[in-house]
Engineer: 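Got a structure for you, written out below as structure tokens; questions coming shortly.
Since we're looking at a predicted model, the values are computed, not measured. We use all heavy atoms of the structure for the numbers below, so side chains are in, but hydrogens, waters and symmetry mates are not. In the text below, chain A, chain B and the rest are named by the order of the sequence lines, each starting its count at 1.
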Number of protein chains: 2
Amino acid sequence: MKWQQQKSLATREKVLRAALVCLERDGFHHLSLVRVASEAEVSKGALTHHFSSKDELITLAMEVLLDEFVQTLRASVDDVHAGRVSLDECLDGIWHFMSGQLYMVTLEIALKARHEAAFKSALTPLVQHFHAQLNDIWIRLFPDLTPERAQVLMNLTMNLLRGMGTQSVFREDPSYFNELLDTWKNILDQQLPRGKDHKY
Amino acid sequence: MKWQQQKSLATREKVLRAALVCLERDGFHHLSLVRVASEAEVSKGALTHHFSSKDELITLAMEVLLDEFVQTLRASVDDVHAGRVSLDECLDGIWHFMSGQLYMVTLEIALKARHEAAFKSALTPLVQHFHAQLNDIWIRLFPDLTPERAQVLMNLTMNLLRGMGTQSVFREDPSYFNELLDTWKNILDQQLPRGKDHKY
DNA sequence: TATAAAAAACCGTCCAGTCTGTTTTTAACA
DNA sequence: TGTTAAAAACAGACTGGACGGTTTTTTATA
């Protein structure tokens, strides 16, 4: 690869990463192009050279974030499948992710999309692809359930964690969330088939 | 009551209501004082006369919203208690609320609070009071459960609905959400004691 | 030298908060 | 009761700053 091309790619990468940091730390309506540029240690000119608008930048950053989440999750589910980690630990991992950067950025983005049609249509295919990937993962997580049942149970789980993530803004009380999570683990366990050879 | 006082109260009420409408329709970072004033059919001068800052306005509007939700919910739970409506219908009512104005405005506010310490501390007592009221309501909803169990189950429920509310931004598919909600109703039902005289 | 990348100056817009002026209501008092 | 002064409610112009996007200039590579 040519040197110029390398440098260009590196700059893009730095800017995207910085955008995620700023989104998570400052929130969308405190995010400005100069801030992102400064976080990326790049001039505003360089930023606008690579990204034609703020919306485009954010959309691409979002894509990076969702991809990383899917990869992490896939690895975790593989571990469950191979018996390396328990289902409970896998859920803990998802909760960790959902109470951290991913979910907050997602929220910022979702609210923006809610009020800006153009942005929303740019983002919708991305989100749909994300959910399709998730659905595949859920099926692999619960091979003993029907695909539909696995998806419903895990969509419940994800939405529960989403809600908990939201509440965690105002309620910084790990024991409260742990209790909820433990209760949910129990309930989820009750929903799994006990035997080996039947589909629930 | 003196006429001036009446007029003053009416203006405040109009502005607060308009603020909620704008928050829900336009989102926080498209909300400006002139927009709220125009929505309320009041001059910007009148608005600033009654509310010393944008943050104060939003905080007070939030208070109105939460109070109304608590009242509605309390009435609904009374209906369940009196056998006028089923638990399922009560949940439907909460879901209706959560997929509407209340929750979206709450989200906007929560994200703002997440990044602005002063705003957050102004809002925290309000939110805590709100949750305390909710906890009382949950106990009354499930008199056959221990208070702790009732609260855990309903906090799970609320967080599930929160998450579903969030997802509804991108996924406008009522049947999907209905399936989730039905599944949850079943699960919740399984968690309730069958007998009459024991605490679970 | 030609071209891509990066930097920085610049412009138009928007908005919260301030300030000044005007109208309406209330209170005091002769 | 009629008059007037004070206070409250309201209206709108203005300001200072932030920001997104554009354009121009400089630098580095091929």
Side-chain angles (χ1 to χ4, degrees), chain A residues 1-19 21-23 25-62 108-109 112-113 115-119 122, chain B residues 1-19 21-23 25-62 108-109 112-113 115-119 122:
Chain A
M1 194 190 298
K2 304 294 169 63
W3 206 354
Q4 227 173 25
Q5 224 173 335
Q6 267 182 25
K7 205 176 173 192
S8 173
L9 270 179
T11 304
R12 286 180 67 93
E13 178 63 26
K14 271 200 294 183
V15 171
L16 285 173
R17 193 62 51 189
V21 170
C22 287
L23 261 182
R25 189 191 53 205
D26 306 331
F28 176 76
H29 73 277
H30 287 138
L31 176 139
S32 75
L33 297 185
V34 283
R35 279 201 195 202
V36 175
S38 125
E39 174 74 29
E41 290 174 321
V42 147
S43 78
K44 192 189 169 192
L47 194 157
T48 59
H49 177 73
H50 287 284
F51 303 94
S52 65
S53 75
K54 194 180 173 182
D55 281 5
E56 181 190 325
L57 169 63
I58 291 178
T59 306
L60 291 171
M62 191 69 189
E108 303 274 356
I109 296 310
K112 178 177 165 63
H115 300 292
E116 293 171 31
F119 186 66
Chain B
M1 193 192 295
K2 302 294 168 67
W3 209 353
Q4 217 171 37
Q5 227 173 332
Q6 267 182 24
K7 208 177 171 187
S8 172
L9 271 179
T11 304
R12 288 179 66 93
E13 178 64 26
K14 272 199 294 184
V15 171
L16 286 173
R17 192 61 53 187
V21 169
C22 288
L23 261 182
R25 190 190 53 205
D26 306 331
F28 177 76
H29 73 276
H30 288 139
L31 176 139
S32 75
L33 297 185
V34 283
R35 280 200 193 203
V36 175
S38 127
E39 174 73 30
E41 291 175 320
V42 147
S43 77
K44 192 188 172 192
L47 194 156
T48 58
H49 176 72
H50 287 285
F51 304 94
S52 65
S53 75
K54 195 180 173 181
D55 281 4
E56 181 189 325
L57 169 63
I58 292 178
T59 307
L60 291 172
M62 191 68 190
E108 303 274 354
I109 296 311
K112 179 177 164 65
H115 300 292
E116 293 171 29
F119 186 65

Engineer: Scan for salt bridge (Lys or Arg N to Asp or Glu O under 4.0 Å) pairs involving residues 40-57 of chain B, sequence neighbours excluded, and state none if there are none.
Structural biologist: B/Asp55-B/Lys112
Engineer: In whole angstrom, give the distance that lies between atom CG of B/Asp26 and atom P of C/dC15.
Structural biologist: 10 Å
Engineer: Could you pull out all residues at least two apart from B/His49 that satisfy ring-ring contact (aromatic ring centres under 6.0 Å, His included)?
Structural biologist: none
Engineer: Mind calculating the distance between CD (B/Gln6) and P (C/dT24) to the nearest angstrom?
Structural biologist: 18 Å
Engineer: Could you pull out all residues at least two apart from A/Ala46 that satisfy side-chain contact (heavy atoms from CB on, under 4.5 Å)?
Structural biologist: A/Val42, A/Ser43
Engineer: What pairs with A/His115 under side chain to side chain donor-acceptor pair (under 3.5 Å), at least two apart in sequence or on another chain?
Structural biologist: B/Glu108
Engineer: B/Phe28: which residues meet the ring-ring contact (aromatic ring centres under 6.0 Å, His included) condition with it, sequence neighbours left out?
Structural biologist: A/His29
Engineer: Excluding sequence neighbours, so at least two apart, what forms side-chain contact (heavy atoms from CB on, under 4.5 Å) with B/Ser38?
Structural biologist: none
Engineer: Note down the inter-axis angle between the two ends of the helix from C/dT1-D/dA30 to C/dA30-D/dT1, five pairs each, to the nearest 10°.
Structural biologist: 10°
Engineer: Specify the separation, in whole Å, of atom CG of A/Leu57 and atom P of D/dG21.
Structural biologist: 10 Å
Engineer: Pick out which of A/Thr59, A/Val36, A/Leu60, A/Ile58 makes a side chain to side chain contact (heavy atoms under 4.5 Å, CB included) with A/Phe51.
Structural biologist: A/Leu60
Engineer: Compile the donor-acceptor pairs under 3.5 Å between side chains in residues 9-18 of chain B and protein atoms, sequence neighbours left out, one pair per line.
Structural biologist:
{"unit_1": "B/Thr11", "atom_1": "OG1", "unit_2": "B/Lys7", "atom_2": "O", "d": "3.0"}
{"unit_1": "B/Arg12", "atom_1": "NH1", "unit_2": "B/His50", "atom_2": "O", "d": "3.3"}
{"unit_1": "B/Glu13", "atom_1": "OE2", "unit_2": "B/Arg17", "atom_2": "NH2", "d": "3.3"}
{"unit_1": "B/Arg17", "atom_1": "NH1", "unit_2": "B/Glu68", "atom_2": "OE2", "d": "3.3"}
{"unit_1": "B/Arg17", "atom_1": "NH2", "unit_2": "B/Glu68", "atom_2": "OE2", "d": "2.9"}

Engineer: Counting the atoms with a prime plus P, OP1 and OP2 as sugar-phosphate, which does B/Ser52 contact under 4.0 Å by heavy atoms, base, sugar-phosphate, or nothing?
Structural biologist: nothing
Engineer: Check the distance between C/dC15's C1' and B/Leu47's CG and give it to me in whole angstrom.
Structural biologist: 13 Å
Engineer: Starting at the 5' end of nucleotides 6-19 of chain D, put B wherever the base has a protein heavy atom under 4.0 Å, S where only the sugar-phosphate does, and a dash everywhere else.
Structural biologist: --SBSBB------S
